[in-house]
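For reference, the structure is listed below as structure tokens.
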Amino acid sequence: MGHFKTFIAAAVIGVAGVSANAQSLSLEGGGAASLTGIVPQTYAQFAAEEDLNLQVVLGQTLTRSALKLAAGRIDMAVIPPGAYGAMSRGVGPYAQQGDQAKQVAPNIRALFGFPAGTFHGITWADSGIENWADVVGKRVYIGPPAGAASGQIKKLIALGSGGVTDADYEGIRAPWSAAAQSFQDGQFDVYVASAAVGSQVLNELSLQREIRILGVPEDVLGSEAWSTFLVEAAQFESTIPAGTYSGQVNGDSALTSAASAMMMSVHKDMSDDQAYALTKAYWTNLDAMMNANALMRSIDPDLPFAGMNAKLHPGAIRYYQEAGVEVPQDLLPN
């Protein structure tokens, strides 16, 4: 098994142990505390055993990674389905690119899907903020400047609070990598983190000073509005079990939040054999990856396509057909 070698300045993670004949592929992922970063890191380690050399770059704004992938500047990227949908329409974070974004969007092909970080609405226990309705007039971290997460977070707040809009609070945008420290420095009152449930980073935060996590109220769960949000925002319902974080004052009962769906994606011009090998490397090693990193155990192998909206690469389709997995018709290339 290879070992990780990290180059701090470039945030590149390479894996040793592949043969000299293995072709290196660039793969961009998100924050290290989220499954958008954890999955690429762990995947690269096990893909090395299949003679696939994945050069992982973490801490990226995934909307930008999607555009780089579509333009052929990188080989692979973790892409939010919402970002791909916005690119296909030339709207949202791609409004400035407009027609150019729409033209390159079809270059993206998916290999598999997985849930990303669960949204944790975190406040200090002594802040006086006890539910989402209490964010009125407060400073709320809502994700990176160019990311798709801010729209999802604002909708989550509106649903969780019973109607609070982004006009009712000060939404603050900053890179994921800087958010935890900024929260500790007092730059905002509510830190909506996208992190794997049980994240060591969040647990350490709770040990420094007691926290409260804001969940979605029971009367919202199961409502038509909640179901619509999950579908339209490509989200999963996610549970934060009781006792997950040591310094969580309301940790005596489970909380429900939302987790984003993600797609591991490649350029359409990648060879079928390479896309097949990449897809096979993920699914044949998933159990081992889950054992290696407990934060990946939220991945449901029975939902390989949940939230996906990009067409599958033909090489990935070949793998699923051989494995006896039925591929949804809307994910097949035209």
Side-chain angles (χ1 to χ4, degrees), residues 1-2 15 17-19 21-29 35-56 62 65-66 69-70 72 74-81 83-84 105-116 234 236 260-293 296-334:
M1 184 182 300
V15 180
V18 292
S19 75
N21 296 323
Q23 183 178 355
S24 293
L25 298 171
S26 55
L27 166 56
E28 291 195 353
L35 285 176
T36 61
I38 293 168
V39 168
Q41 288 183 71
T42 313
Y43 177 40
Q45 184 178 7
F46 284 87
E49 298 178 1
E50 307 293 332
D51 211 22
L52 296 166
N53 186 14
L54 306 185
Q55 297 293 316
V56 181
L62 298 180
S65 297
L69 178 62
I74 55 177
D75 299 305
M76 303 175 65
V78 175
I79 296 180
Y84 175 75
N107 291 338
I108 291 175
R109 291 289 183 271
L111 300 181
F112 53 84
F114 63 92
F236 293 86
S260 300
M262 291 288 157
M263 304 184 293
M264 185 64 73
S265 304
V266 299
H267 194 277
K268 70 177 180 62
D269 290 340
M270 176 178 280
S271 74
D272 288 3
D273 286 347
Q274 205 162 51
Y276 172 89
L278 288 164
T279 308
K280 181 180 179 181
Y282 177 78
W283 290 112
T284 57
N285 290 294
L286 183 56
D287 286 344
M289 287 190 279
M290 290 178 173
N291 289 331
N293 193 321
M296 287 185 62
R297 291 176 187 167
S298 61
I299 296 174
D300 187 345
D302 293 328
L303 298 173
F305 312 117
M308 289 175 54
N309 57 354
K311 303 295 186 182
L312 285 165
H313 192 286
I317 293 172
R318 171 154 61 97
Y319 170 76
Y320 291 119
Q321 289 175 338
E322 288 182 5
V325 177
E326 184 176 355
V327 176
Q329 194 68 31
D330 61 341
L331 298 183
L332 296 173
N334 296 328

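As the structure is a prediction and not an experimental result, all values here were calculated from the model. Throughout, residue positions are numbered sequentially from 1 according to the sequence presented.
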Rounded at 0.5 Å granularity, tell me how far [atom1] in [X] sits from [atom2] in [Y].
X    : Y    : atom1 : atom2 : value
I108 : K311 : CD1   : NZ    : 14.0 Å
D75  : Q23  : CG    : CD    : 7.0 Å
L312 : L332 : CG    : CG    : 7.0 Å
F236 : L303 : CZ    : CG    : 6.0 Å
L69  : K268 : CG    : NZ    : 11.5 Å
M270 : H313 : CE    : NE2   : 6.5 Å

What closest approach, in Å, do [X] and [Y] show between heavy atoms, and which atom pair accounts for it?
X    : Y    : value
L54  : A47  : CD1-CB, 3.9 Å
V325 : P304 : CG1-CG, 4.4 Å
A275 : G315 : CB-CA, 4.0 Å
M308 : G113 : SD-N, 3.5 Å
P40  : V78  : CG-CG2, 3.7 Å
A261 : A306 : CB-O, 3.8 Å

Quick check against the 3.5 Å criterion: does [X] have a side-chain atom that pairs as donor or acceptor with the backbone of [Y]?
X    : Y    : answer
Y319 : L278 : no
T36  : G29  : no
D272 : P314 : no
N107 : A70  : yes

Neighbour count above 12 (heavy atom, 6.0 Å) for E326 CD: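 No, because the 6.0 Å sphere around CD of E326 holds 12 heavy atoms or fewer from other groups.
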State, yes or no, whether a side-chain contact exists between [X] and [Y] at a heavy-atom distance under 4.5 Å.
X    : Y    : value
V39  : M289 : no
Y84  : M263 : yes
Q274 : L25  : yes
Y320 : T279 : yes

Passing candidate, side-chain contact (heavy atoms from CB on, under 4.5 Å) with P301, options F112, W283, F114: W283
Test side-chain contact (heavy atoms from CB on, under 4.5 Å) applied to L27 and Q41, M76, Q55, the passing residue: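 Exactly one candidate clears the test, M76.
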Basic-acidic side-chain contact under 4.0 Å: K280, D273: no
Stepwise side-chain contact (heavy atoms from CB on, under 4.5 Å) check, I79 with M262: CA-CA 6 Å; I79 296 180; M262 291 288 157; over 6 Å; no
